[in-house]
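Worth knowing before you read on, the calculation uses all heavy atoms, side chains too, and leaves out hydrogens, waters and symmetry mates. Both ligands and their constituent atoms are indexed starting at 1 by order of listing.
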Amino acid sequence: MSRNKKVLDLKKRMEKIHDGGGAQAVEKQKAMGKLTARERIIALLDKETFQEYDIFVKHDNTDFGMQDKELPGDGVIIGTGSILGQPVAIFAQDFTVAGGSLGFMHARKITKIMDYALNMKIPLIGINDSGGARIQEGVNALAGYGEIFFRNTLSSGVIPQISVILGPCAGGAVYSPALTDFVFVVDKISKMFITGPEVIKTVLGEDISAEALGGARVHAETSGNAHFFANSEEECFHQIRRLISMLPPANNKGAEKIEPAQPLRKYNIKKIVPDDPSQPYDVRDVIRALADNSDFMEVMEMFAANAVIGFGRVNGETVGFVCNQPLVLAGVLDCDSSDKIARFIRFCDSFNIPIITLEDLPGYLPGIDQEHAGVIRHGAKILYAYSESTVPKITIIMRKAYGGGYIAMGSRHLRSDFVFAWPQAEIAVMGAEGAANIIFKKEIQEAEDPVKMRQIKIDEYREKFANPYVAASKGYVDAVISPEDTRKFIERALHVSATKDVKRPMKKHGIPPF
Ligand code: HXC
């Protein structure tokens, strides 16, 4: 064969593989409102940057008639490319080929690109669309999953790992996304569950739709397995590109610094937070009043909304915001918000992203439900995460900082570097009303006018303790600042902590209250 013919032959071979599972399977994929694996990669990456590897890999299974089955690319596409100029590694399962099922060679391709990502210190993006372990391959398919999980764990805290669920992700397959840092789901398209509707019907005799069991909303709102929810694949890819632009490529580098910008004028910090501590407000407006361009990328927006976490920039540098949300349950901490906050702190700490804590909470949520759900175990995760983290940490106490909430939300005692309080901050063991009821119980009961006496005692307690000055007099608060100076104080604190170098005692690893 001449050289030209060989080149033509190569092109033909590649085109055949590019067709995936064939016209009929592609049509079925489209009918479900889904893009193909190849279209997804092209849509997500910068134009003409995708470089594919292992296109000619074939499975070698001969059981159950598989020897006659050609599975282009073995049902998965792997390669590298870039997002906003930043290199990334990527794989996308191709549902049109044997339902994107994971056989031995399919898994080998995925683990190969995972190894590249880890060696090159670049983010890994995995697009999941698969019927799970390839049933015909038995234990070889299971071995493949195990190899993926091991690498997910190895890469954790070294490179950012992003999972995109764009179809079914069932059985043990869900555990790779669960081990990664950020899970993206798309309404009506994503389905994640350990045991599917058929198994539930057989075992439990219950009829439940896949959507109700593990659709996108379920994981974004209820289970907390998903971090970003989108209405379309296109919107999802836009979210991933935005997130990548905020993150460092690996734990040995910082995130890209961009041109500093001021927050938008419409977010006036003085007007956002009411003086009355019982009045709610949206803490996201405070974030927007502090972040460059008022640009805030919220993480887990729909889950445990009593806490707000996410990325923004201050003076062009990526920071992580960790906040109570007075708009929901007065911003209390509970099991879910503790998990949400603790995991985010650990992500920021692993990837050298300074943490800014905006605090306004009445404490941990009381009640039998929370106690029995393990609020002690879950709440401890926040204490652990703040204490072990060594990135620059800046805490702003805006209003309430009561009890365990005061300690947990980035207090000096857990080694925040800078703690600033606004003049209206109330730092106390508990709210003045509750405190007066307990410590002045007798006086109130015995008073001629108990209502009046109660109010006197509440005012007395508030006057003495519900302010920032007792904490400031002990040095627990570094400075009491006007709300409108907050960004200035954060900028200065970030500036001086750019070279922060703090070590914790050497150990194999700690034992966080998982
Ligand atoms: C082999 C599979 C497959 C699988 C789908 N296919 N899943 N082949 N192994 N796991 C094939 C189908 O045979 C079919 O092939 C093609 O993919 C498309 O599948 P359909 O069923 O036609 O598609 P659809 O109707 O959209 O249903 C999708 C589905 C269903 C809901 C995912 O296919 C399904 O329930 N699959 C099995 C899911 C499952 O139980 N997986 C194992 C989980 S256990 P043809 O040739 O007809 O086009 C597991 C353990 C991992 O994963 C443990 C790790 C620790």
Side-chain angles (χ1 to χ4, degrees), residues 19-37 58-77 91-111 114 126-153 163-180 185-186 188-204 207-216 218-219 225 233:
D19 287 343
Q24 215 180 335
V26 169
E27 205 175 300
K28 193 177 158 197
Q29 177 87 347
K30 299 273 173 177
M32 288 188 276
K34 298 178 357 180
L35 295 175
T36 65
K58 285 183 174 172
H59 74 87
D60 52 9
N61 182 25
T62 52
D63 295 324
F64 303 105
M66 288 299 281
Q67 67 275 14
D68 305 325
K69 285 216 172 164
E70 266 197 45
L71 303 180
D74 207 33
V76 65
I77 302 170
F91 71 83
Q93 293 179 307
D94 185 348
F95 193 82
T96 69
V97 178
S101 57
L102 183 136
F104 183 71
M105 293 308 290
H106 177 121
R108 272 263 287 268
K109 285 179 74 172
I110 293 179
T111 53
M114 292 177 84
I127 300 180
N128 295 257
D129 186 2
S130 164
R134 190 172 299 152
I135 296 162
Q136 299 90 331
E137 293 205 20
V139 71
N140 277 333
L142 300 182
Y145 275 119
E147 292 292 330
I148 292 171
F149 301 161
F150 177 75
R151 284 171 177 79
N152 283 136
T153 308
S163 295
V164 198
I165 315 298
L166 295 181
C169 180
V174 295
Y175 283 115
S176 175
L179 287 165
T180 61
V185 290
V186 174
K188 313 270 190 312
I189 289 179
S190 313
K191 310 271 182 294
M192 277 178 106
F193 32 71
I194 301 270
T195 39
E198 298 84 14
V199 180
I200 290 185
K201 174 116 187 150
T202 314
V203 178
L204 303 174
D207 258 326
I208 185 159
S209 70
E211 186 67 29
L213 184 64
V218 169
H219 292 302
N225 289 327
E233 295 197 20

(request) List the steps and the verdict of side chain to side chain contact (heavy atoms under 4.5 Å, CB included) for Ile148 and Leu102. (result) CA-CA 11 Å; Ile148 292 171; Leu102 183 136; 3.7 Å; yes
Nearest protein heavy-atom contact for [atom]: which residue, which atom, what distance?
| atom | answer |
| --- | --- |
| atom 36 (N) of ligand 1 | Gly131 O, 4.2 Å |
| atom 52 (O) of ligand 1 | Ala133 N, 3.0 Å |
| atom 1 (C) of ligand 1 | Gln136 OE1, 3.3 Å |
| atom 24 (P) of ligand 1 | Lys28 NZ, 3.8 Å |
| atom 44 (S) of ligand 1 | Gly171 CA, 4.3 Å |
| atom 19 (O) of ligand 1 | Phe95 CZ, 4.2 Å |
| atom 2 (C) of ligand 1 | Ala98 O, 3.7 Å |
| atom 46 (O) of ligand 1 | Lys69 NZ, 3.9 Å |

Would [atom] count as contacted, meaning some protein heavy atom under 4.0 Å?
| atom | result |
| --- | --- |
| atom 30 (C) of ligand 1 | no |
| atom 34 (C) of ligand 1 | no |
| atom 41 (N) of ligand 1 | yes |
| atom 10 (N) of ligand 1 | yes |
| atom 21 (O) of ligand 1 | no |
| atom 7 (N) of ligand 1 | yes |
| atom 14 (C) of ligand 1 | no |

At a 4.0 Å threshold, what atoms of ligand 1 neighbour a non-hydrogen atom of [X]?
| X | result |
| --- | --- |
| Gly132 | 10 (N), 52 (O) |
| Tyr145 | 51 (C), 54 (C) |
| Arg134 | 1 (C), 9 (N) |

Below 4.0 Å, non-hydrogen atoms only: which portion of [X] touches ligand 1? Side chain, backbone, both or neither.
| X | result |
| --- | --- |
| Ala170 | backbone |
| Leu102 | neither |
| Glu198 | neither |
| Ser101 | side chain |
| Phe149 | side chain |

(message) Taking the basic N atoms (NZ, or NE/NH1/NH2) and the acidic carboxylate oxygens, is any pair closer than 4.0 Å for Lys188 and Glu211?
(response) no
(message) Between Lys109 and Asp74, does any NZ, NE, NH1 or NH2 come within less than 4.0 Å of an OD or OE carboxylate oxygen?
(response) no
Without swapping roles, check the side chain of [X] against the backbone of [Y] for a donor-acceptor pair under 3.5 Å.
| X | Y | value |
| --- | --- | --- |
| Gln93 | Ala37 | no |
| Thr96 | Ala25 | no |
| His59 | Gly75 | no |
| Asp129 | Ile127 | no |
| Ser130 | Gly100 | yes |
| Glu233 | Leu166 | no |

(message) Name the residue from Thr180, Asn152, Asn128 that meets the side chain to side chain donor-acceptor pair (under 3.5 Å) definition with Ser163.
(response) Thr180
(message) Please determine whether the number of non-hydrogen atoms from other residues, nucleotides or ligands lying under 6.0 Å from atom OH of Tyr175 exceeds 12.
(response) no
(message) For Gln24, I'd like to know if atom CD has over 12 heavy atoms of other residues, nucleotides or ligands within 6.0 Å.
(response) no
Should [X] be counted as touching ligand 1, given the test is an N or O pair under 3.5 Å?
| X | result |
| --- | --- |
| Ser130 | no |
| Gly99 | yes |
| Ile135 | yes |

(request) Locate the shortest heavy-atom distance separating Val97 from Gly21; write the atom from each residue and the value. (result) CG2-N, 3.5 Å
(request) Between Ala143, Gly75, Gly172, Pro197, flag the one that comes closest to atom 53 (C) of ligand 1 by a heavy atom. (result) Gly172
(message) Is the shortest side-chain heavy-atom distance between Glu147 and Ile110 below 4.5 Å?
(response) no
(request) Find the distance between CD1 (Ile165) and NE2 (His219) and round it off to the nearest 0.5 Å. (result) 8.5 Å
